[in-house]
Amino acid sequence: MRLSGMLLHTTREVPADAEVISHQLMLRAGMIRQVAAGIYMILPMGYKVLKKVENIIREEMDRAGAQEMLMPALNPAELWIESGRWNVYGKELIRLKDRRGRDFCLGPTHEEMFTDLIRKEIRSYRSLPLNLYQIQTKFRDEYRPRFGIMRGREFLMKDAYSFDTDDEGADASYKSMYEAYTLIFKRCGLRFRAVEADSGPIGGSVSNEFMVLAESGEDEIVHCVACDYASNVTKAETLEVDYPAGEQSRPMEKVHTPEMKTVDEVCRFLKVTSKELVKTMIYLADDTPLAVLVRGDHMVNEAKLLNFSGAQELKMADSAAIQKITGGPEGFSGPVGLEGIKVIADLAVKGLKNFVTGANENDYHLLSVNIGRDFEVHDFQDLRLLEADDPCPRCGSTLTIEKGIEVGHVFKLGTKYSQALKATFQDAQGEEKLIIMGCYGIGVGRSMAAAIEQNHDEDGIIWPMPIAPYHVYILPVSMKDGEVLSAAEDIYSACIEAGLEAIIDDRDERAGVKFKDADL
RNA sequence: CGGGGCGUGGCGCAGCCUGGUUAGCGCGCUUGCUUCGGGAGCAAGAAGUCGGAGGUUCAAAUCCUCUCGCCCCGACCA
């Protein structure tokens, strides 16, 4: 490629809207251009890289036996209504009507489409297993698009779906995708970690995320220094906590705590640590109230709570609801004397004695509260967010927490979609059975951005070779010096001849300008 | 959606508080001359509905109201 003929504008100044380094550098290097929030044009230099990432993905998917195809982005609503996700997906789903008023959406993911294809195509176990994938534009109306191409409303994704006759087959498909992903991200020059993850609204039982380690990451991941345990913190398990034995129960006592609502205020006022206090949070799980107890220094993990409750939606009760349920104002809730509500407690609360709680009465708290004597807990569950000083749930060693960018996610879906859409096959005995599914996604543009996050210096991007837009950069320092120029041209021709991806900066610019652009 | 901030040539900003004639500056762009091994100098030039609508006023980028867009901080996802 000759730079003189390329659509490429680099900038000296950092665009004001760009926060993270990959976004800044992509803009400065003239690879992308914003159209609207979370919507970008991919310019020639950027597309060059994106296609390389795509091709690496394609090669490894094909090697793993998956078949590429292409689904429409425009999905009729019927399929989504049938799977139940037309309602569940919420505002993130971009919906539209055609000229006759028929409902459609722009696909944010394609479980429905692929399952629909398979239920129509597949009758016999003889046609299985299958693994189909596509690299296609997805649409999600994100609450908050940000970080450039990293979280867009329109983005390129590779999504694959596996279809098996039994669990063993599904496990094998999952494993082969897991391995393919490992190869893909290695080839993209990324430093990453595969972690256990919550499967969220996609559903299914088991899932792993592939996390690129970077400070700008939106996720926190935890891993054990001793064993190979690694997990997203939203999924990470926490254990029961051992408290010193032999502490005697003291009589419960009500104390005046004027205007003391937060854990910090109460602790300071009563001169106790947050570990000696139990927070009572009132949640509404699909309108069923739940009282959730966690230690004062802990945070409720809403993903765990949601899974435990089995509800579709979980939200914290507002102050009016709290007043109604507990009889006291927000900030003074406690488990003692609560009626008509299920009380569940985090495992760390189980062995705790003589703790502080709200009294369900304005400006009062209770001291020396004890489970079993003062109130009953209906269920003890792992309900909290893991903290940095928690031990590894597998081996008890120390954990470290890092930030990561989720570039890939693999799920074992089981029969969630095959059941909803009735995708069945006949086994060798002629019996009708549900197909076992898995699904596997990679954010293509996100992987590209993640590569920049990890590989750059103060002057620009340092592409890992496999995804570099060009491999040879020829920079004639002078366009006036005929000797330099013809030598440069000779090298360029030789590179092209040899099949190398070369770029020559044949613009009549000063050397400094060219060097700066080359760095970017 | 809640909270905060910003919309002024392609990009980065000043001007607004305290209304006043031709709306400035830097980068980039065009032309010429001089330069030329790490973002050159001089000169000339093109380019702006001051996000939009309404209002106040003799007069609005500036004050008021509404509206749209964008960015940042919190719950989700590739």
Side-chain angles (χ1 to χ4, degrees), chain A residues 9-20 23-24 27-28 30 33-39 53 57 88-93 107-110 135-160 181 184-185 197-202 207 209-212 217-219 232 234 283 299-303 305-306 313-316 318 385 404-411 439-450 459-460 475-481 484 505 507-520:
Chain A
H9 279 106
T10 58
T11 66
R12 190 186 303 236
E13 276 159 315
V14 180
D17 288 345
E19 192 76 5
V20 299
H23 189 198
Q24 293 176 356
L27 286 167
R28 286 194 54 208
R33 189 167 186 131
Q34 188 179 36
V35 177
I39 303 174
V53 177
I57 294 171
V88 174
Y89 224 94
K91 288 189 185 162
E92 213 168 304
L93 191 63
T109 171
H110 279 71
I135 296 175
Q136 187 220 32
T137 302
K138 296 285 186 275
F139 299 85
R140 294 183 190 174
D141 201 353
E142 293 277 350
Y143 330 78
R144 184 146 93 86
R146 58 181 147 171
F147 302 157
I149 207 180
M150 203 109 85
R151 175 181 297 277
R153 293 194 289 175
E154 175 176 334
F155 61 99
L156 199 60
M157 173 162 127
K158 188 281 313 181
D159 48 325
Y181 275 36
I184 288 166
F185 296 126
D198 189 71
S199 36
I202 304 278
S207 93
E209 289 169 332
F210 287 78
M211 293 287 192
V212 168
E218 297 180 81
D219 289 273
N232 192 308
T234 60
Y283 277 91
M299 306 260 290
V300 174
N301 182 330
E302 296 190 354
L305 184 58
L306 185 66
E313 200 193 12
L314 187 73
K315 55 176 191 250
M316 283 181 82
D318 58 24
L385 219 49
I405 302 165
E406 182 192 352
V407 290
H409 201 159
V410 293
F411 300 83
C439 79
Y440 318 93
I442 292 179
V444 183
R446 189 126 117 191
S447 299
M448 170 178 165
D459 288 318
L475 193 155
V477 290
S478 166
M479 297 301 285
K480 299 288 183 300
D481 187 329
V484 169
D505 192 346
R507 297 172 302 171
D508 188 11
E509 286 288 353
R510 313 182 86 235
V513 174
K514 295 184 177 186
F515 284 129
K516 287 291 181 193
D517 281 350
D519 286 334
L520 275 174

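Proteins come first, then strands; the chains are lettered A, B, ... in the order of their sequence lines, and each starts at number 1.
As rounded to the nearest Å, U56(B) and A75(B) have C1' atoms that lie 43 Å from one another. C1(B) and G20(B) have their C1' atoms separated by 44 Å, with the value rounded to a whole Å. Using C1' as the reference atom, U62(B) and U8(B) are 12 Å apart when rounded to the nearest Å. Comparing the C1' positions of G45(B) and G52(B) gives an interatomic distance of 32 Å, to the nearest angstrom. Between the C1' atoms of C29(B) and G39(B), the separation comes to 16 Å (whole Å). When the C1' atom is used for both U18(B) and A61(B), the distance is 15 Å, rounded to whole Å. Distance noted for atom C1' between C27(B) and U22(B): 24 Å (whole Å). The C1' atoms of U34(B) and A47(B) are separated by 26 Å, rounded to the nearest whole Å.
Side chain of Glu92(A), nearest nucleotide from G39(B), C76(B), C70(B): C76(B). Distance from the side chain of Tyr143(A) is smallest to A75(B) among G37(B), C70(B), A75(B). Distance from the side chain of His409(A) is smallest to A78(B) among A78(B), C36(B), A75(B). Residue Asp519(A) places its side chain closer to G38(B) than to any other of C76(B), G38(B), C72(B). Out of C71(B), G39(B), A78(B), the shortest distance to the side chain of Leu520(A) is found at G39(B). Side-chain atoms of Lys480(A) lie closest to C36(B) of the nucleotides C76(B), A40(B), C36(B). Taking only side-chain atoms of Arg144(A), from C-beta outward, the nucleotide of G38(B), G74(B), C70(B) with the closest atom is G74(B). Residue Arg12(A) places its side chain closer to C27(B) than to any other of A78(B), C27(B), G38(B). Listed candidates were C71(B), G10(B), A78(B). Nearest to the side chain of Gln34(A) is C71(B). Out of C70(B), U35(B), G12(B), the shortest distance to the side chain of Arg510(A) is found at U35(B).
Note: CZ (Arg153(A)) to C1' (C71(B)) measures 13 Å, nearest angstrom. Protein atom CG of Asp508(A) is 13 Å distant from nucleotide atom P of C33(B), rounded to whole Å. As rounded to whole Å, 15 Å separates atom P of G39(B) from atom CZ of Arg507(A). Regarding Asp505(A), its CG atom lies at a distance of 13 Å from the C1' atom of G38(B), rounded to whole Å. In this structure, Arg446(A) places its CZ atom 11 Å from C1' of C76(B), rounding to the nearest Å. Look at CD on Glu406(A): it is 5 Å from P on A78(B), rounded to the nearest Å. A straight line from CG of Asp17(A) to C1' of G51(B) spans 14 Å, rounded to a whole angstrom. Put simply, CZ on Phe411(A) is 9 Å from C1' on A78(B), counting in whole angstrom units.
Counting non-hydrogen atoms under 4.0 angstrom, Met150(A) reaches a base of the nucleic acid. Here Val513(A) lies in heavy-atom contact (under 4.0 Å) with a base. Using a 4.0 Å heavy-atom cutoff across all strands shown, Gly152(A) reaches at least one base atom of the nucleic acid. Looking at heavy-atom distances under 4.0 Å, Asp517(A) makes contact with a base. At the heavy-atom level, Gly512(A) lies under 4.0 Å from the strands shown only through sugar-phosphate atoms. Residue contacts shown for Ala36(A) are limited to sugar-phosphate atoms, with no base heavy atom under 4.0 Å away.
The existence of a salt bridge linking Arg146(A) and Glu218(A) is confirmed by a sub-4.0 Å separation between a basic side-chain nitrogen and an acidic carboxylate oxygen. For the pair Lys516(A) and Asp459(A), the salt-bridge criterion is met [side-chain N within less than 4.0 Å of a carboxylate O].
Between the side chain of Arg28(A) and the base of G39(B) there is at least one donor-acceptor pair of N/O atoms closer than 3.5 Å. Residue Glu13(A) places no side-chain atom within donor-acceptor reach of the base of G28(B), judged by atom type and a 3.5 Å distance cut-off alone.
With no hydrogens or angles considered, no side-chain donor-acceptor pair links Thr234(A) and Asp198(A) at under 3.5 Å.
Arg153(A) contributes no side-chain N or O that, together with a main-chain N or O of Glu142(A), makes up a donor-acceptor pair within less than 3.5 Å. Proximity of a side-chain donor or acceptor of Gln24(A) to a complementary backbone N or O of Ala18(A) within less than 3.5 Å is detected. Here the side chain of Arg140(A) pairs a donor or acceptor atom with the backbone of Pro108(A) at under 3.5 angstrom. Side chain of Tyr143(A) to backbone of Glu92(A): no donor-acceptor contact under 3.5 angstrom is found.
Across all strands shown, G28(B) forms no Watson-Crick or G-U wobble pair with both key distances under 3.5 Å. With a 3.5 Å ceiling on both atom-pair distances, U49(B) lacks any Watson-Crick or G-U wobble partner. Partner assigned to C58(B) is G20(B), using Watson-Crick or G-U wobble distances below 3.5 angstrom. Of all nucleotides present, only C1(B) satisfies the Watson-Crick or G-U wobble test against G74(B), with each distance under 3.5 Å.
Both Arg146(A) and Met157(A) lie near RNA chain B, and the one whose nearest nucleotide falls closer to the 5' end is Arg146(A). Each of Phe210(A) and Phe515(A) has a nearest nucleotide on RNA chain B; the 5'-most of these lies closest to Phe515(A).
Between Phe210(A) and Phe185(A), the ring planes are tilted. Angles from 30° to 60° get that label.
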